[in-house]
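Here's the structure, in structure tokens; my notes come after.
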Protein chains: 2
Amino acid sequence: MASNDARSVIRLPAMEVPKASDVLANELRERILSGEYSEGTPLPPERELVVQTRMSRTTVREALRILEVQGLIRIRAGRSGGAFVQQPGGESVASSLDLLIRGRHLRLASVHETREAVEPSCARLAALHHTPTDLRRLDVTNDEVAAAENLDDFLRANVAWHIAVAEAGHNEILTGIMMALSRAIYTTTNNEGFVNEQVRSIAVRAHRSVTRAVAERDPDAAVRRMARHVHSYAAAALEADSRTEISVADH
Amino acid sequence: MASNDARSVIRLPAMEVPKASDVLANELRERILSGEYSEGTPLPPERELVVQTRMSRTTVREALRILEVQGLIRIRAGRSGGAFVQQPGGESVASSLDLLIRGRHLRLASVHETREAVEPSCARLAALHHTPTDLRRLDVTNDEVAAAENLDDFLRANVAWHIAVAEAGHNEILTGIMMALSRAIYTTTNNEGFVNEQVRSIAVRAHRSVTRAVAERDPDAAVRRMARHVHSYAAAALEADSRTEISVADH
DNA sequence: TTGGTCTAAAGGTCTGACCCAATCTAGCAT
DNA sequence: ATGCTAGATTGGGTCAGACCTTTAGACCAA
């Protein structure tokens with residue numbers, strides 16, 4: 001090697017040869033993210049993309065599949081089907097967080113830690129930015145929490161209320177994070193049976209007190225009350241299954 | 001519609017017919033997430049999966065592509081290549097958050113809001129859970145911040161320090177979130193030119209004071225100082241480009 | 001009205017071939 | 001022996017073309 005150094009002065013950097021499907025996926029992704037195509041705009045049919053790009057249908061389809069998994073397009077079969085542009089929403093963040101949590105077998109503590117970090121801030125933003133519609137939704141969902149007759153109903157309504165708080169803050173990033181955390185907590189708290197009548201009535205009261213702070217646009221109180229609520233809930237859940245890892249969710 | 005209600009009492013839910021590639025992807029995903037296969041385990045070659053599943057290679061490949069995008073496998077070409085199991089890491093969360101931020105053209109304020117919500121808690125966890133290695137890394141990266149000679153070096157080192165704080169907290173969810181936020185802030189703060197000598201030296205001092213709190217295992221101080229630092233940085237950045245949306249990152 | 005049938009458009013799947021990349025190995029040259 | 005090069009092998013990447021399935025719409029028949 002060293003003896004060849006003088007052979008030519010030309011030096012080239014290490015190069016990467018991207019896959020064809022990635023090239024197409026990247027191109028389309030940039031266009032979608034740039035906002036060039038608005039929500040719902042149909043991409044050309046696969047066979048049309050084939051003639052335009054001069055790639056094979058296999059390649060085109062792999063590119064579309066990539067974008068679909070990333071939540072950037074939605075694909076429907078049948079006549080007038082095809083690929084339609086879709087701006088990514090909180091769900092894609094939620095599902096990737098979900099994979100992280102389940103795949104790493106993260107301890108329940110990590111999820112609750114994160115929630116304790118995030119949710120009080122959601123309450124704060126909700127107090128600052130909520131609309132009348134948001135307030136109504138908080139009341140409605142908390143009524144459902146109070147009216148729940150079995151464990152599953154309770155958990156579902158509980159998640160709905162917490163997500164309503166996040167959405168009242170009108171910050172889509174935090175909302176996406178909360179959706180993911182809620183899903184994880186939902187699948188773990190289920191089957192645990194630590195949710196008794198007492199826990200439920202305490203939760204309902206805590207929710208009401210947070211809602212009041214939000215309605216009165218008192219961010220500090222909202223933070224304080226939400227922090228206390230989440231912390232005590234986490235402590236109870238952790239005590240109920242100490243040192244347990246998250247079990248695989250039933251699909 | 002209403003007149004048809006009486007025609008029959010029978011009600012059926014909307015049904016979904018899953019795609020073959022999704023079926024395979026789901027099957028493999030469940031197995032990977034369950035921990036049945038450890039990190040690095042090779043999946044059978046595509047052609048082998050074809051004979052085992054009696055699906056076509058196209059279908060098998062689409063399934064593998066899905067898992068690859070979700071960060072559950074890594075695919076290498078060439079002899080002794082193939083698909084290898086990979087537990088999802090923070091990067092996949094980061095990239096989906098990145099898509100959300102870029103795709104929705106979220107206001108810079110949203111990103112900073114989220115960061116102000118998350119990062120103080122990272123500091124708190126760092127104060128509680130850090131190891132000697134973590135501390136050293138905080139010092140090293142902050143020295144790089146101080147030594148940076150141009151804007152790009154500064155931003156890079158700055159991101160590295162903040163991620164080091166997150167990792168010192170040993171919570172992978174928060175780490176993933178911080179990675180995503182940092183990436184977004186990096187691409188937006190760049191080109192803005194509000195980072196002058198004064199901002200930089202203030203940042204270095206703030207980092208040192210947070211690091212001290214972490215080293216002394218004083219969670220409250222860590223939270224307070226980090227909150228102040230992040231808040232002032234956000235205020236400065238927001239003032240520098242008020243009411244501006246995130247520009248498309250250069251790839 | 002209600003249901004059947006047909007057609008066209010579009011995605012979903014299959015087959016089989018060939019191309020490229022990475023690795024291993026046998027054999028040749030020194 | 002040593003070292004290197006030329007296949008051989010195993011694997012993913014791409015292509016071309018056919019056929020199946022799903023859906024929308026139109027038209028027809030009871």
Side-chain angles (χ1 to χ4, degrees), chain A residues 1-4 7 12 14-28 40-86, chain B residues 1-8 10 12 14-28 40-86:
Chain A
M1 288 290 200
S3 62
N4 287 352
R7 275 288 300 278
L12 291 176
M15 298 186 196
E16 331 173 351
V17 183
K19 287 185 288 189
S21 47
D22 283 332
V23 172
L24 177 53
N26 290 339
E27 168 77 22
L28 290 173
T41 304
L43 262 49
E46 294 178 354
R47 289 158 173 95
E48 174 63 22
L49 283 174
V50 167
V51 308
Q52 285 185 22
T53 63
R54 284 145 177 173
M55 289 163 167
S56 77
R57 201 163 153 221
T58 317
T59 304
V60 168
R61 281 179 59 80
E62 287 206 353
L64 293 178
R65 184 71 358 106
I66 291 171
L67 298 178
E68 188 188 28
V69 174
Q70 293 180 330
L72 292 170
I73 62 177
R74 182 174 17 95
I75 298 180
R76 284 190 347 227
R79 183 174 180 170
S80 84
F84 298 84
V85 171
Q86 195 181 217
Chain B
M1 287 290 199
S3 61
N4 289 350
D5 279 351
R7 273 291 297 276
S8 174
I10 297 176
L12 290 176
M15 300 187 192
E16 333 174 349
V17 181
K19 288 184 288 189
S21 46
D22 282 332
V23 172
L24 177 54
N26 290 339
E27 168 78 22
L28 290 172
T41 304
L43 261 48
E46 293 178 356
R47 290 159 174 96
E48 174 63 20
L49 284 175
V50 167
V51 307
Q52 286 186 22
T53 63
R54 285 146 178 174
M55 290 165 167
S56 76
R57 203 168 154 218
T58 320
T59 304
V60 168
R61 281 179 58 79
E62 286 206 355
L64 293 178
R65 185 68 4 103
I66 290 171
L67 297 178
E68 188 189 28
V69 174
Q70 293 181 329
L72 292 170
I73 61 176
R74 184 173 14 96
I75 297 179
R76 284 190 347 227
R79 183 173 181 170
S80 85
F84 298 85
V85 171
Q86 197 181 219

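Letters A, B, ... are given to chains in the order of the sequence lines, protein chains preceding strands, and every chain is numbered from 1.
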Phosphate OP1/OP2 of dG25(D): any Ser80(A) side-chain N/O under 4.0 Å: no
Whole-Å distance separating the CD1 atom of Ile75(B) from the C1' atom of dA21(C): 15 Å
Pairs involving residues 16-25 of chain A, ordered by first then second residue, that meet salt bridge (charged side-chain N to carboxylate O under 4.0 Å, His left out) (sequence neighbours left out): Lys19(A)-Glu68(B)
Non-hydrogen atoms of Ala25(A) and Ala63(A) that approach each other most closely: N-CB, 3.8 Å
Residue from Val69(B), Thr59(B), Leu24(B), Leu43(B) passing side chain to side chain contact (heavy atoms under 4.5 Å, CB included) with Leu64(B): Leu43(B)
Spatial distance of atom CG (Leu28(B)) from atom CG (Leu49(B)) [nearest 0.5 Å]: 7.0 Å
Closest to side chain of Arg76(B), choosing from dT23(C), dA24(D), dG12(D): dT23(C)
Inter- and intrachain pairs under salt bridge (charged side-chain N to carboxylate O under 4.0 Å, His left out), touching residues 40-57 of chain B, at least two apart: Glu46(B)-Arg57(B), Glu46(B)-Arg61(B)
Protein-nucleotide distance (Leu24(A), atom CG; dC15(D), atom P), rounded to Å: 11 Å
Value in whole Å for how far the C1' atom of dT13(C) lies from CD of Glu62(A): 14 Å
Leu64(B) CG - dT13(C) P separation (whole Å): 14 Å
Heavy-atom pair of closest approach, residues Met55(B) and Ala20(B): CE-O, 3.6 Å
Between C1' of dA10(C) and CZ of Arg74(A), the distance in whole Å: 15 Å
Set of residues satisfying side-chain hydrogen bond (donor to acceptor under 3.5 Å, both in side chains) with respect to Arg74(B), sequence neighbours excluded: Gln86(B)
Residue Arg65(A), side-chain heavy atoms: nucleotide from dT13(C), dG12(C), dG11(D) that is nearest: dG12(C)
For atom CD of Glu48(B) and atom P of dT10(D), their distance in whole Å: 13 Å
Pairwise 5' ranking along DNA chain D for Lys19(A) and Val17(B), keeping only the more 5' one: Lys19(A)
Minimum heavy-atom distance Gly40(B)-Phe84(B), with the two atoms named: O-CD2, 3.3 Å
Closest listed nucleotide, where the reference is the side chain of Arg79(A) and the choices are dT14(D), dA9(C), dG12(D): dA9(C)
Spacing of Thr41(A) atom OG1 and Ile73(A) atom CD1 [to the nearest 0.5 Å]: 12.5 Å
Between C1' of dA21(C) and CD of Glu46(B), the distance in whole Å: 14 Å
Set of residues satisfying side chain to side chain contact (heavy atoms under 4.5 Å, CB included) with respect to Ser80(B), sequence neighbours excluded: Arg76(B)
Contact letters for nucleotides 16-21 of chain D, in which S counts primed atoms plus P, OP1 and OP2 and B counts the base, heavy atoms under 4.0 Å: --BB--
Nucleotide dT22(D), atom P - distance to CE of Met15(B) in whole Å: 14 Å
Angle of first-five versus last-five pair axes in the helix from dT1(C)-dA30(D) to dT30(C)-dA1(D), to 10 degrees: 10°
Ala77(A) vs Ala20(A), nearer the 5' end of DNA chain D by closest nucleotide: Ala20(A)
Short side-chain N/O contact to dT13(C) OP1/OP2 from Ser21(B), under 4.0 Å: yes
